[in-house]
Amino acid sequence: MSATLGLIADTITFSNVDGPGNRFVVFLQGCNFDCIACHNPYTINVCNNCGDCVSSCPSEALGFSLGGAVEWRAEACRGTDVCITTCPWDSTPKARRGDVDDLLAEIRRAAPFLSGVTVSGGEATQQAEFVLALFAAIKADPDLARLTCFVDSNGATERCTWTSLLPVMDGAMIDLKCLDAEIHRSMTGQPNDQVLESIRYLGAVDRLYEVRLLLIPGMNDDPRLLDTTARWLADVDPAMRLKLIGFRQHGVRTGARRLEEPTPEQMQAYEAIFEERGLFRLCVI
Ligand code: SF4
Ligand code: SF4
């Protein structure tokens with residue numbers, strides 16, 4: 001049994017939007033960003049056991065351990081997610097400590113139908129040791145070694161994180177919230193220098209599967225900024241796979257519902273800017 005434990009928010013057995021092919025996805029709990037437009041806000045923080053959600057559960061699936069920690073009983077849960085909407089701390093009482101062997105057992109059951117495994121978040125690289133242990137175990141297992149191993153990341157991590165993962169990681173999807181440092185900080189609460197360095201480095205070592213740009217009208221969609229972004233990305237790799245994602249309000253926190261969704265015409269205008277500037281393999285959603 002592997003001794004490395006991960007804090008796991010959730011798993012999905014089959015996804016076709018988290019990397020190439022059909023993928024098993026592991027969502028890790030905890031993130032070093034606090035994005036205004038986060039679509040999984042309950043994965044940002046680690047539960048602080050405040051207990052505010054316990055009495056909200058209509059299924060009485062939540063309680064306290066003898067030590068005072070909040071406990072979730074999966075067998076009693078009816079999946080209403082009232083606990084998640086009640087939590088004032090962008091967390092969930094359902095995150096669980098799990099080891100690599102637990103995940104391998106789940107992955108084995110789905111393996112005949114899978115192309116690979118993606119670790120997402122929260123922020124996957126915040127638990128890099130666990131990701132490394134999981135990917136190494138997949139590569140070492142004769143029945144699973146054909147599965148590709150991908151990371152879905154905000155890119156805000158040291159280069160040494162990537163160098164440690166390289167022997168077992170087939171690719172990474174990196175979110176670039178904004179090339180402009182100040183706008184990036186206003187959108188995420190954090191600087192973007194490590195994000196840019198990660199994109200450059202992963203491009204140089206041929207592990208950059210995709211860059212993703214989430215576009216929010218009036219926030220990060222100025223045409224000159226997008227043009228500069230297109231030039232910068234083309235300099236990293238003019239043939240990179242680039243996904244332009246229009247902001248959608250579904251799943252975001254209440255405060256983010258004031259943000260505008262781009263119209264189809266705006267999405268076409270964004271696409272035209274990137275088409276003009278590079279030989280990108282563009283995907284617009
Ligand atoms: S990096 Fe991702 S998980 Fe973290 S806050 Fe931003 S959108 Fe949410
Ligand atoms: S999930 Fe949120 S509300 Fe519930 S105990 Fe943890 S921090 Fe408190």
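Along the sequence shown, residues carry numbers from 1. For ligands, and for the atoms within them, numbers begin at 1 and follow the listed sequence.
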So does [Y] get a backbone contact from the side chain of [X], meaning a donor-acceptor N/O pair under 3.5 Å?
X      : Y      : result
Asp141 : Ile138 : no
Glu123 : Asn154 : yes
Thr263 : Gln266 : yes
Gln249 : Arg257 : yes

Identity and distance of the protein heavy atom lying nearest [atom]:
atom                    : value
atom 3 (S) of ligand 1  : Gly122 O, 3.6 Å
atom 8 (Fe) of ligand 2 : Cys50 SG, 2.3 Å
atom 2 (Fe) of ligand 2 : Cys87 SG, 2.3 Å
atom 5 (S) of ligand 2  : Gly51 N, 3.2 Å
atom 4 (Fe) of ligand 2 : Cys53 SG, 2.2 Å
atom 6 (Fe) of ligand 2 : Cys47 SG, 2.3 Å
atom 7 (S) of ligand 2  : Asn48 OD1, 3.0 Å

Heavy atoms from other residues, nucleotides or ligands near CD of Glu60 exceed 12 (cutoff 6.0 Å): no
How about Glu261: does its CD atom have over 12 heavy atoms from other parts shown lying under 6.0 Å from it?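 Above 12, so yes.
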Below 4.0 Å, non-hydrogen atoms only: which portion of Asn32 touches ligand 1? Side chain, backbone, both or neither. neither
Side chain, backbone, both or neither: Cys31 near ligand 1, heavy atoms under 4.0 Å: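 Under 4.0 Å from ligand 1, Cys31 contributes side-chain atoms alone.
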Under 4.0 Å to a heavy atom of Trp89 - the qualifying atoms of ligand 2, by number: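 Selected atoms, number and element: 7 (S).
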Atoms of ligand 2, numbered as shown, that sit under 4.0 Å from any heavy atom of Pro88: 3 (S)
Which distance, rounded to the nearest 0.5 Å, do you find between the CG of Leu165 and the CZ of Phe150?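 Leu165 atom CG to Phe150 atom CZ measures 13.0 Å (nearest 0.5 Å).
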If you round to the nearest 0.5 Å, how far is OG of Ser198 from CD1 of Ile174? 5.5 Å
Return the orientation label for the Phe14 and Phe113 ring planes: parallel under 30°, perpendicular over 60°, tilted otherwise.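 Correct class here is perpendicular.
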With a cutoff of 4.0 Å, is Lys177 in contact with ligand 1, counting heavy atoms of the residue only?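 Judged by the 4.0 Å heavy-atom criterion, Lys177 does count as contacting ligand 1.
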Does Asn40 come within less than 4.0 Å of ligand 1, judged by its heavy atoms? no
Worked verdict on Lys139 versus Asp170 for salt bridge (Lys or Arg N to Asp or Glu O under 4.0 Å): CA-CA 11 Å; Lys139 299 293 183 189; Asp170 297 289; 2.6 Å; yes
I'd like to know whether ligand 2 has Pro93 as a neighbour, heavy-atom separation below 4.0 Å.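 The answer is yes, since Pro93 has a heavy atom less than 4.0 Å from ligand 2.
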Pick one of side chain, backbone, both or neither for how Val70 approaches ligand 2, counting any non-hydrogen atom pair under 4.0 Å. side chain
Below 4.0 Å, non-hydrogen atoms only: which portion of Val54 touches ligand 2? Side chain, backbone, both or neither.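 It is neither; nothing of Val54 touches ligand 2.
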Heavy-atom contacts with Cys35 under 4.0 Å: which atoms of ligand 1 show up? List them by number with element.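 Result: 1 (S), 5 (S), 6 (Fe), 7 (S).
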Which atoms of ligand 1 are found less than 4.0 Å from any heavy atom of Ile44? 5 (S)
Between Thr229 and Arg277, is there a side-chain donor-acceptor contact under 3.5 Å, judged purely by atom types and distance?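 Distance-only check fails for Arg277 and Thr229.
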